[in-house]
Amino acid sequence: MNIRISFIIPVFNVEKYIERCILSIENQDIPRDEYELIVVNDGTPDNSISIIRQLQLQYSNIRLVNKKNGGLSSARNVGIKHASGKYIWFIDSDDYIDSNVLQQILKKAYSEDLDVLGFGNKDIYPDGTTFYAYTHKPEGTVTGKEFLQYYELSVSAWSFIAKRELYIEHGIQFTEGIYHEDYDFIIYLYEHCERIAYMRIYPYNYVVKSEGTITTSKNFSHVRKRLDSWISIISNIKSKYHNVTDSFSYSYYATLWCSVYQFHALSALLLLDLPLKEKKEYVHKFQEIGCFSIDLNCSLNTRRKLIVLLVYKHPFVYHICLVVKKGLNVLSCVLKRGKCL
């Protein structure tokens, strides 16, 4: 059996969404024996697996893999090991794809022998509003180095398909136990890509949740893990791709993208809710990994580069901003509620 593409779908607490996700993948325009769904049960405690088993009775191309809970990265890594398709497409189980899109995607990937084929996505909001995300992407075929050099890097693993052999031959995996697991993963993958192309279609539907997210959560444990994840990602990239001045090397552009990540890390520490004492501790951790040494040759826009010049390149000034931000938060509490929470 010639499996052209493997879908990897991690499952954890998604009983409200998993059927829609799987049915969207089954409603395609190529024979079902040409693609497979690797559904990875990441120790979900809800009714998701019962729903999946019922769908297996109807669709023979669904393979269920069970494992202990280890998080999204762990589930994706297990999925890679079980996949047999020429290409892999990671799908989040609370999202879905458009009907009848596989034929055109695989036709281009196969005919041009692409290592990676990217495409756009639609953001689907709770009120039904749809937003088509636009990013600067190549018109033709480029290498991984050229992509990092000239174009906006897509950091969502569901925004492209890639050859399975790339993961196997080069041992490319998601870093486990962190948030933002796509950020360093994409850097590692593109290093080994000679043929990357982009289709201006929007087959992936990213469902925006109305409830609180990690980004907005006031749960300190989530904030700490998010900051610790940035430390892990930045440290990993810096250790793998030493900061070099040779603009012909992949490492040079990898470190430039790491500068973008450093900006996001410092912004997260400044804006997210955490006791000031802990924020000061993270400032020292960020200094230790060189987070304040942002290279202004990176792809940050003009406004963000100005923030870097005025604040993010100066730990002392940054520390003052942390104190002022906390003071403003306290004042806001006093004005709104009569006391500081």
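If you're wondering where the values come from, they're calculated on a predicted model, not measured in any experiment. Sequential numbering from 1 along the given sequence is applied to the chain's residues.
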task: Kindly work out whether a path of hydrophobic side-chain contacts (I/L/V/M/F/W/Y, heavy atoms less than 4.5 Å apart) joins Leu72 to Trp230.
output: no

Residue pair Ala162 / Leu189: nearest heavy atoms and the distance that separates them: CB-CD2, 4.2 Å

message: With a 6.0 Å cut-off on the ring centroids, do Phe292 and Phe286 count as close?
response: no

Distance-minimising heavy-atom pair for Tyr190 and Leu148: CD2-CD1, 3.7 Å

query: Within a strict 4.5 Å, meaning less than it, do heavy atoms of the Tyr261 and His180 side chains meet?
result: no

query: From Leu64 CG over to His82 NE2, what is the distance, rounded to the nearest 0.5 angstrom?
result: 10.0 Å

query: Do you know the tightest heavy-atom contact between Pro10 and Arg76?
result: CG-CG, 3.8 Å

Expected output: side-chain Asp295 to main-chain Leu256 donor-acceptor under 3.5 Å: no

task: Search all heavy atoms of Ile62 against all heavy atoms of Gln56 and return the closest pair with its distance.
output: O-NE2, 3.1 Å

query: side chain to side chain contact (heavy atoms under 4.5 Å, CB included) with Phe90: which of Ile9, Ile80, Asp182?
result: Ile80

- prompt: Are Tyr110 and Tyr198 grouped together when hydrophobic residues (ILVMFWY) are joined by side-chain heavy atoms under 4.5 angstrom apart?
  reply: no

message: What I'd like to find out is whether the side chain of Leu276 reaches to under 4.5 Å of the side chain of Lys280, using heavy atoms alone.
response: yes

- prompt: Do Cys258 and Gln262 have side-chain heavy atoms sitting under 4.5 Å apart?
  reply: yes

task: Would you mind reporting whether Tyr151 and Val142 have side-chain heavy atoms less than 4.5 Å apart?
output: yes

task: Looking only at non-hydrogen atoms, find the nearest pair between Gln173 and Phe185 and report the distance.
output: O-CD1, 3.8 Å

Contact check, side chains of Tyr183 and Ser229, non-hydrogen atoms, under 4.5 Å: no

message: Given Trp89, which partner from the list Ile25, Ile8, Leu102 fulfils the side chain to side chain contact (heavy atoms under 4.5 Å, CB included) test?
response: Leu102

query: Which heavy atom in Ile51 sits nearest to a heavy atom in Glu15, and how many Å separate them?
result: CD1-O, 3.5 Å

task: Evaluate side-chain contact (heavy atoms from CB on, under 4.5 Å) for Asp98 paired with Tyr202, printing each intermediate quantity in order.
output: CA-CA 8 Å; Asp98 287 345; Tyr202 300 83; 5.6 Å; no

message: Listing request: all salt bridge (charged side-chain N to carboxylate O under 4.0 Å, His left out) pairs with a residue in residues 19-30, at least two apart in sequence or in separate chains.
response: Glu26-Arg32

message: Contact between Ile196 and Pro138 at the side-chain level, heavy atoms closer than 4.5 Å - yes or no?
response: no

- prompt: Is there a path from Met199 to Tyr132 through hydrophobic residues (I, L, V, M, F, W, Y) whose side chains come within less than 4.5 Å of each other?
  reply: no

task: Can you measure from CD1 (Ile168) to CD1 (Ile88) and round to the nearest 0.5 angstrom?
output: 6.5 Å

field: Between Ser50 and Asn47: side-chain donor-acceptor atoms closer than 3.5 Å
entry: yes

field: Test: Lys285 cationic atom under 6.0 Å from Tyr282 six-membered ring centre, within 45° of axis
entry: yes

message: Let me confirm one number: the CD-CG distance from Gln54 to Leu57, rounded to the nearest 0.5 Å.
response: 5.0 Å

statement: So CG of Asn27 and CD1 of Ile22: to nearest 0.5 Å the spacing works out to 13.5 Å

message: Just so I know, are the side chains of Ser299 and His136 near enough to count as touching, which here means a heavy-atom distance under 4.5 Å?
response: no

- prompt: How about Lys240 and Asp184: do any of their side-chain heavy atoms sit closer than 4.5 Å?
  reply: no

task: Assess the side chains of His222 and Tyr179: does a donor N or O sit below 3.5 Å from an acceptor N or O?
output: yes

message: What I want to find out is whether Glu34 reaches Lys86 closely enough, with some N-O distance under 4.0 Å, to be called a salt bridge.
response: no

query: Are the side chain of Tyr204 and the backbone N or O of Trp158 linked by a donor-acceptor pair below 3.5 Å?
result: no

- prompt: About how many Å separate CD1 of Ile5 and OG of Ser84, when rounded to the nearest 0.5 Å?
  reply: 11.5 Å

query: When the ring centroid of Phe263 is compared with that of Tyr312, is the distance short of 6.0 Å?
result: yes

- prompt: Any idea how His170 and His192 line up, ring-wise: parallel (<30°), tilted (30 to 60°), or perpendicular (>60°)?
  reply: parallel

query: Cation-pi between Lys145 and Tyr253: NZ/CZ under 6.0 Å from ring centre and within 45° of the ring axis?
result: no

message: Could you check whether Asn121 and Asp123, counting side-chain N and O atoms only, form a donor-acceptor pair closer than 3.5 Å?
response: yes

Sole residue of Asp94, Asp95, Ile124 in side chain to side chain contact (heavy atoms under 4.5 Å, CB included) with Tyr206: Asp95

Cluster check Ile294, Ile234: I/L/V/M/F/W/Y, side chain < 4.5 angstrom: yes

field: Charged tip of Lys137 within 45° of Phe160 ring normal and under 6.0 Å
entry: no

- request: Evaluate the criterion side-chain contact (heavy atoms from CB on, under 4.5 Å) for residue pair Tyr59 and Leu37; output intermediate values, then yes/no.
  value: CA-CA 10 Å; Tyr59 303 106; Leu37 286 67; over 6 Å; no

message: Between Glu181 and Thr175, is there a side-chain donor-acceptor contact under 3.5 Å, judged purely by atom types and distance?
response: no

query: Please walk me through it: do Tyr96 and Val207 pass side-chain contact (heavy atoms from CB on, under 4.5 Å)?
result: CA-CA 8 Å; Tyr96 59 99; Val207 179; 3.8 Å; yes

query: Would one find more than 12 heavy atoms of other residues, nucleotides or ligands at under 6.0 Å from atom OH of Tyr150?
result: no

message: If hydrophobic clusters are built from ILVMFWY residues whose side chains come within less than 4.5 Å, do Ile187 and Ile289 share one?
response: yes

Intermediate values then yes/no, side-chain contact (heavy atoms from CB on, under 4.5 Å), Ile233 and Ile237: CA-CA 6 Å; Ile233 290 166; Ile237 294 175; 4.0 Å; yes

- prompt: Hey, what do you get for CD1 (Ile178) to OG (Ser232), rounding to the nearest 0.5 Å?
  reply: 4.5 Å

